[in-house]
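Okay, structure first, notes after.
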Amino acid sequence: MELVKAALAEALRLLRLQVPPSSLQESGTPAPPGDSLAAPPGLPPTCTPSLVSRGTQTETEVELKSSPGPPGLSNGPSAPQGASEEPSGTQSEGGGSSSSGAGSPGPPGILRPLQPPQRADTPRRNSSSSSSPSERPRQKLSRKAISSANLLVRTGSTESRGGKDPLSSPGGPGSRRSNYNLEGISVKMFLRGRPITMYIPSGIRSLEELPSGPPPETLSLDWVYGYRGRDSRSNLFVLRSGEVVYFIACVVVLYRPGGGPGGPGGGGQRHYRGHTDCVRCLAVHPDGIRVASGQTAGVDKDGKPLQPVVHIWDSETLLKLQEIGLGAFERGVGALAFSAADQGAFLCVVDDSNEHMLSVWDCSRGMKLAEIKSTNDSVLAVGFNPRDSSCIVTSGKSHVHFWNWSGGIGVPGNGTLTRKQGVFGKYKKPKFIPCFVFLPDGDILTGDSEGNILTWGRSPSDSKTPGRGGAKETYGIVAQAHAHEGSIFALCLRRDGTVLSGGGRDRRLVQWGPGLVALQEAEIPEHFGAVRAIAEGPGSELLVGTTKNALLRGDLAQGFSPVIQGHTDELWGLCTHPSQNRFLTCGHDRQLCLWDGESHALAWSIDLKETGLCADFHPSGAVVAVGLNTGRWLVLDTETREIVSDVIDGNEQLSVVRYSPDGLYLAIGSHDNVIYIYSVSSDGAKSSRFGRCMGHSSFITHLDWSKDGNFIMSNSGDYEILYWDVAGGCKQLKNRYESRDREWATYTCVLGFHVYGVWPDGSDGTDINSLCRSHNERVVAVADDFCKVHLFQYPCARAKAPSRMYGGHGSHVTSVRFTHDDSHLISLGGKDASIFQWRVLGAGGAGPAPATPSRTPSLSPASSLDV
């Protein structure tokens, strides 16, 4: 039956293209009044056809004024008399369908299909006919056969479709296919087999006239906020150039401090972006220029594994020199170290497999020289003896291992590694030994989870453990000093021969002289967390990485202040200031942070006590609203940071808060399927409940206000697009067709005619997390579930639109927003807790080469990026 209906629609379309308007009226037949149309052959003249977008084909719905007609032409139950109707006959733009009421005309002025002349012998269903009742089914079947034949002929020719893509049927309820149906009044796409109807604005005569191709604008990574100190080690070094090198997400950051310690903003950043997944560890070559960085394993958008690998790259040119171990490591690279005695000719790698494989590689040729299973316990640190590259030390959970490497130089895989286990003897065996350092006299210091520094001295040569050049010495504990309360996370040998230790629980930095005599100490403020890593800068300057993802700069005498700060858990909430280059973020770490995009510094932060999920500035910029995961929302003064309003709406999490463009209303979208509307005072400090928008059948995901501040467009978790008349009493607009020309102050809804082209083919409805149109309405930025940020032209109303794609995040990108002047784009990483600030470059502007355009239906794996 669906095929027959589709055939009728196609026959009507072909006829109105071929028959001249003069043929619409027969000789002696009066013209139909107004916009009414003559009936096609086989149908009574009292019928009024209207085009209805339905499924993946367009049907011609025939409505009888005096008779309901045969069941085969019915389009569902009739609507109640007087009910508001829309031309597509859908209950909601993302929901199920219902029929138009009897005699309901199509949208005026959009489609007036031309009708063929009536034949003299055409039977009229509403009048007497010479055909007997037994002959009528035969005539009906004959018409069906002709229409079906016409449909098959059309299907074989793409020219008759105006060059459009072939139409295909939607997938089943669990399908990931995303199909598009293009018609004169609406566009219908499918997510997980569910139809989503979007009406074409009246000003667009053809989809072909819309812009195609990627936008002329490009993005250049300007600044990365954050540092991965919460769960990683070997993550902070100073290069020969004076730049500080560290990592977060898939980016290795080279930061040059500017001004005095703790000066606002200061310095600049460069970025190595060759990795396809999160970086886990670093090592700096003895020349102070080359850097080795190891990444974890991952998967691309199709579920194919991305293998862990080590990159050796030049910090001056940011060019990759060597790729080591592709396919040789499991899960990820846990620890790295260059040899020092032979000018960094070798690289030692420990992976994150169950056996924590220890391997030695020739850096220049990328060859593996030796490999061995180290231990089933976690390995936290590895290093070559700076005086003898045949001696390697590893430490981790309940162990210190001393390795002798022999043979195999220049011969792949022929080297051997033999192990001597450190014996604690009369000393208490700690649970973890996170760090160690080699002293100039050859001794080794280890820091452990008991807060002790153990000195391991050399013992006489052991002939049973031969190495390169003969028997090798072993190590035993010769001294112990209790240095910290709680674990010791970092040890650093300074240029003057003293040693620095960093404590976990006590957050102390202590400088030790010969014989482990404490010389000087300083305490890190509690809100920065424990010491994770220590690096020595110029003079007495020190760089300290902390477990709360902050990078501090200072010295032991004057203390430390932050130069890089970041969140420590998954991020979701983001909003940009309406008139300044500032933005606000919040997430699962319960911190609300205001960032200055000019100085690249944290302006202030407060503890929300609960998870923050969404935020929005009042148009005045004086206050900001923040939605929490408990149904509670706050309004804060951006200058004093005081809470001026504290309200609870329901007990479900809030997913979106949005002020109207005039600042008179505040809309709050909740997971209880309701949009709460509040009227707001002129300064934004006071609010009162105005009404509730109820009608969604799933949780609210996105919403936008119209430019006049009277209407709302909203999306929900089941892919609905609904419209609301807020000024008229928070009423749902049943006729969504009437909202097709409405202008929106912002565009963050991920479903809508102007942005449906951003969806990749095969989407399951969750692949796009956030979307934002620029204020100049030229481009739209998209955050997807595959760690990418995309830039499309706006409007993006062509299926499978091409985009510019940018990588760097190591987790799903949760939100994107343009700054007030569209000079920058801010993007949030989810689990990687990173914040990227991108500079928006116009067509022909200065900056790096633009990204290679990538068509969204086939998102490339991260390895195929990049700008």
Side-chain angles (χ1 to χ4, degrees), residues 53-54 79 83-100 107 185-192 194-201 614 627 649-650 652 654-661 665-678 690-756 759 765-766 768 770-771 773 797:
S53 177
R54 188 179 183 85
S84 175
E85 299 298 334
E86 40 187 312
S88 76
T90 56
Q91 178 182 354
S92 70
E93 295 192 19
S97 62
S98 63
S99 70
S100 297
I185 61 172
S186 67
V187 175
K188 183 170 288 188
M189 63 180 290
F190 291 85
L191 292 177
R192 299 186 65 86
R194 180 162 191 163
I196 303 169
T197 303
M198 295 157 286
Y199 295 112
I200 302 174
C614 51
D649 280 314
E652 299 284 344
L654 304 180
S655 50
V656 56
V657 295
R658 185 86 68 237
Y659 282 100
S660 61
Y665 296 106
L666 173 64
I668 300 165
S670 172
H671 270 230
D672 63 6
N673 307 355
V674 178
I675 301 174
Y676 298 91
I677 306 296
Y678 283 80
F690 179 81
R692 296 188 301 172
C693 299
M694 302 178 65
H696 274 292
S697 54
S698 184
F699 56 90
I700 313 301
T701 57
H702 307 83
L703 65 84
D704 291 293
W705 285 90
S706 62
K707 289 186 177 180
D708 60 13
N710 293 329
F711 300 91
I712 283 178
M713 169 175 59
S714 58
N715 293 169
S716 61
D718 58 352
Y719 322 132
E720 281 184 322
I721 308 172
L722 298 185
Y723 299 94
W724 311 88
D725 182 358
V726 175
C730 301
K731 298 177 181 178
Q732 181 182 344
L733 298 176
K734 298 294 184 181
N735 191 345
R736 282 160 292 278
Y737 176 79
E738 294 179 351
S739 297
R740 70 194 189 283
D741 291 329
R742 189 158 285 125
E743 295 185 345
W744 303 101
T746 59
Y747 214 119
T748 60
C749 286
V750 298
L751 296 173
F753 171 78
H754 294 83
V755 297
Y756 80 88
W759 285 89
T766 63
I768 293 179
S770 177
L771 175 150
R773 182 191 66 192

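Both backbone and side-chain heavy atoms feed into the values below; hydrogens, waters and symmetry mates do not.
Of the inter-residue distances, the one linking Leu771 atom CG with Thr746 atom OG1 reads 10.5 Å to the nearest 0.5 angstrom. Here the CD-NZ distance, from Glu743 to Lys707, works out to 4.5 Å after rounding to the nearest 0.5 Å. Here Ile668 contributes atom CD1 and Arg692 contributes atom CZ; the two are 13.0 Å apart, rounded to the nearest 0.5 Å. Here Trp724 contributes atom CH2 and Leu703 contributes atom CG; the two are 11.0 Å apart, rounded to the nearest 0.5 Å. Between Ser770 atom OG and His702 atom NE2 the span is 5.5 Å, to the nearest 0.5 Å. Taken to the nearest 0.5 Å, the OG atom of Ser739 stands 12.0 Å off from the CD1 atom of Ile712.
Using a distance-only test at 3.5 Å, with no hydrogens or angles considered, no donor-acceptor pair links the side chain of Asp725 to the main chain of Phe711. Between the side chain of Asn715 and the backbone N or O of Leu751 there is at least one donor-acceptor pair closer than 3.5 Å. Here the side chain of Glu720 pairs a donor or acceptor atom with the backbone of Ser697 at under 3.5 angstrom. With Ser655 contributing its side chain and Ile700 its backbone, the two residues share a donor-acceptor pair below 3.5 Å. Listed for the Arg740 side chain is a donor-acceptor partner under 3.5 Å among the backbone atoms of Tyr737.
Side-chain atoms of Ile196 and Tyr756, non-hydrogen and from C-beta on, never get closer than 4.5 Å to each other. Contact of the Leu666 side chain with the Phe690 side chain is not registered, since no non-hydrogen atoms from C-beta on lie closer than 4.5 Å. Side-chain atoms of Arg736 and Leu722, non-hydrogen and from C-beta on, do get closer than 4.5 Å to each other. Counting heavy atoms from C-beta on, the side chains of Cys749 and Ile721 never come closer than 4.5 Å. A heavy-atom distance below 4.5 Å is found between the side chains of Ile677 and Cys693.
Between Tyr665 and Trp705, the ring-plane angle classifies as parallel under the 30° and 60° cut-offs.
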Q) So Asp704 and Thr748, side chain to side chain donor-acceptor pair (under 3.5 Å) or not? Walk me through it. A) CA-CA 7 Å; Asp704 291 293; Thr748 60; 2.8 Å; yes

Q: Output, in order, the C-alpha distance, side-chain angles, deciding distance and verdict of side-chain contact (heavy atoms from CB on, under 4.5 Å) for Val656 and Arg658.
A: CA-CA 7 Å; Val656 56; Arg658 185 86 68 237; 3.9 Å; yes

Q: Mind running side-chain contact (heavy atoms from CB on, under 4.5 Å) on Met713 and Trp744 for me, showing each step along the way?
A: CA-CA 8 Å; Met713 169 175 59; Trp744 303 101; 3.5 Å; yes

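For the pair Gly752 and Tyr747, the tightest heavy-atom approach, listed with the atom from each and the gap, is CA-OH, 3.4 Å. For the residue pair Ser670 and Leu654, the shortest heavy atom distance occurs at CB-CD2, 3.7 Å. Nearest approach of Ser186 to Tyr199, heavy atoms of both residues: CB-CD2, 3.7 Å.
In this structure, the side-chain hydrogen bond (donor to acceptor under 3.5 Å, both in side chains) partners of His671, at least two apart in sequence or on a different chain, are Gln653.
Seen from the ring of Tyr723, Arg742 does not count as a face-on cation partner, given the 6.0 Å and 45° thresholds.
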